[in-house]
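Heads up, the thing below is written out as structure tokens.
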Number of protein chains: 2
Amino acid sequence: MTLMAASGRTPRPGVIWTRPERAGRGPRPAHSRAEIAAAAVRIADADGLDAVSMRRVAAEVGAGTMSLYNYVPRKEDLHELMVDEVSTEYDLETPLTGDWAADVLGLAEQARDLMRRHPWLPRMADSTAYGFTPNALRYLERFLTALDPLDLPPGTKLELLAAVTNTVAGYVTNELAMAERARTLPWSEAEEQAVRGAYLGEQLGTGKFPRLAQTLAGAGAGVESVDYEAAFRRSLKRVLDSFALEAGGGQTSAT
Amino acid sequence: MTLMAASGRTPRPGVIWTRPERAGRGPRPAHSRAEIAAAAVRIADADGLDAVSMRRVAAEVGAGTMSLYNYVPRKEDLHELMVDEVSTEYDLETPLTGDWAADVLGLAEQARDLMRRHPWLPRMADSTAYGFTPNALRYLERFLTALDPLDLPPGTKLELLAAVTNTVAGYVTNELAMAERARTLPWSEAEEQAVRGAYLGEQLGTGKFPRLAQTLAGAGAGVESVDYEAAFRRSLKRVLDSFALEAGGGQTSAT
DNA sequence: TCCTAGTTACGTACAGCGTACGGAGTGAGC
DNA sequence: GCTCACTCCGTACGCTGTACGTAACTAGGA
């Protein structure tokens, strides 16, 4: 009896990366994954992640909408292509210094800059899978290589990696939150900021949140006056120091 | 000349919380914000955030779709209602112990448990606005109150708050990533895990990622074997210790 | 060399989305 | 009691992801 294998249309579990880009049989594809990924990234950079629709990406590369599905079985896979695409922007060639804290800081800054260039990236990050695209793996490998001088068990090194990643994602998200929000809103970013400021002021004025009022006031109140750059470095230094302490190496250099 | 004020239909900037729930004039509304928020939360808990559509929420409370817009001007505001709704679940009554690290740990665990109960919550968190709903403010106030014994400048306390929040969100996201992903996928979570495991194994097998392979192997490889609870506590302790160090108080107690 | 089977390309179609608009019914303030 | 803001909601528009069917094409096996 012939085994009734799943037909070509039936969705079979699979990762985009294990599917061959070109199947040997039919006419040669008119486009490539890289081309499609680049188009999607262009759209997301310009008009936000929500503007990345199958129709729009197809139009951007000059193909019919449904033709895209020959390259990308589901939209989520397109997102994965996008993450992988921008992951090529990492500079992983410059030699490591051997000072693990400095090297990790450099990698964290690269990740931060990547997210600043592609503000939709943090939103992808909370799907675990996206950290493991082929080019993203190169970043992880580099990160762990930078940790070579550090005497910590493997599990702890992964926790360090996670801590740094969380810190970077958290700070960039905060930094870009307003600007990214404004993209969807039917009014301007300034208006939004004014209105939210008024609301918060009103809440704090009730006296029900004395510590919060006092702390925000003491920290310099206005969200726009926060020095994200400095806060980012301080936070990262704390993270690194906490692991340095655990490895018995004392604090990391001031930098 | 009469000033052409914006008509009732024109979208005016505004926060849902400053808009009065009941306007004095017309017939009394058949529903309430709380009822609508609870319905939305029920749907999100059961079928995921993407299942929360205006139509579905309206149906759930027994109203016409467009009637919802009398209570919630935009869908994003519905999301804000949801965050506020679940924020009522925080226990902020139990007295603080006075041990700031223990108190903060308790609050972090509450936040973690809340996210576990409502797995869509982390996805909201990256819109800054959502941390500042009225009931969420109570959590922030409590957090800062717990930090009273800690001698740090206001800005640093806020950084501590951010660090803890990032850590909690990061860990819960990792913990729930697979399960939440599986909701959308056209195949089972087990199949997904198998397929992704195979892909990762293949990549590691190329020898291009020696540190990564070695580290993952050394950490106990299988994602399912990770003790998230322990990792969570360790990471949080590192965060707290780093701030304790900065305050000159040495490490926090072991707990 | 020809045949055939698998691929590529893509038009059409469907169910679902957020929400703009307009009309009918309601009840509080003048 | 008149008026007018407000509640309710049916209809409709433009958008989404993608299932399905068909036509063109080409590489592998006979």
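All chains are named by letter (A, B, ...) in the order of the sequence lines, taking the proteins before the strands, and each is independently numbered beginning at 1. These values consider heavy atoms only, across backbone and side chains, with no hydrogens, waters or symmetry-generated copies.
Taking atom NE2 of A:H79 as the reference point, atom C1' of D:dT16 lies 12 Å away to the nearest angstrom. The distance from atom OH of B:Y69 to atom C1' of C:dT19 is 5 Å, rounded to the nearest whole Å. As a whole-Å value, the separation of B:N70 CG from C:dT26 P is 15 Å. When rounded to the nearest whole Å, the span between CE of B:M66 and P of D:dC13 equals 14 Å. Distance, A:E35 CD to C:dT8 C1': 15 Å, rounded to whole Å. Atom P of nucleotide C:dG18 and atom CG of A:L185 are separated by 17 Å, given to the nearest angstrom. Atom OH in A:Y71 sits roughly 11 Å away from atom C1' in C:dT7 (whole-Å rounding). Rounded to an integer number of Å, the gap from B:M54 CE to C:dA20 P is 10 Å.
Among D:dC8, C:dG18, C:dC10, the nucleotide with an atom closest to any side-chain atom of B:K75 is C:dG18.
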Close N/O contacts between protein and nucleotides 27-30 of chain C (under 3.5 Å):
{"residue": "C:dA28", "atom": "O4'", "partner": "B:R25", "partner atom": "O", "Å": "3.4"}

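Checking B:H31 against B:R55, the closest nucleotide of DNA chain D that is more toward the 5' end is the one next to B:H31.
A:A58 comes within 4.0 angstrom of no nucleic acid atom, judged by non-hydrogen atoms across all strands. Residue A:S53 is classed as a sugar-phosphate contact, given heavy-atom separations below 4.0 Å to backbone atoms only.
Between B:R12 and A:E192 there is no salt bridge, since no side-chain N of the basic residue sits under 4.0 Å from a carboxylate O of the acidic one. Using a 4.0 Å cut-off between a side-chain N of Lys or Arg and a carboxylate O of Asp or Glu, B:E141 and B:R138 do not qualify as a salt bridge.
Listed by chain and number, the residues in a side-chain hydrogen bond (donor to acceptor under 3.5 Å, both in side chains) with B:R123 are B:D50 (sequence neighbours excluded).
For C:dT8, neither phosphate oxygen OP1 nor OP2 lies less than 4.0 angstrom from any side-chain nitrogen or oxygen of A:S67.
Remark: the backbone N or O of B:L92 is paired with a side-chain donor or acceptor of B:R142 at under 3.5 angstrom. A distance-only check finds no donor-acceptor pair linking the side chain of B:Y130 to the backbone of B:H79 [under 3.5 Å]. With hydrogens and angles disregarded, no donor-acceptor distance shorter than 3.5 Å links the side chain of A:Y90 to the backbone of A:A111. Using a distance-only test at 3.5 Å, with no hydrogens or angles considered, a donor-acceptor pair links the side chain of A:T165 to the main chain of A:L161.
Atom OH of A:Y139 sits about 13.0 Å away from atom CG of B:L212, to the nearest 0.5 Å. A distance of 12.5 Å separates CD of B:Q110 from CE of B:M115, quoted to the nearest 0.5 Å.
A donor and an acceptor atom never sit less than 3.5 Å apart when one is taken from the side chain of B:R74 and the other from the base of C:dG18.
Between its two ends, the helix from C:dT1-D:dA30 to C:dA28-D:dT3 turns its axis by 10°, counting five pairs per end and rounding to 10 degrees.
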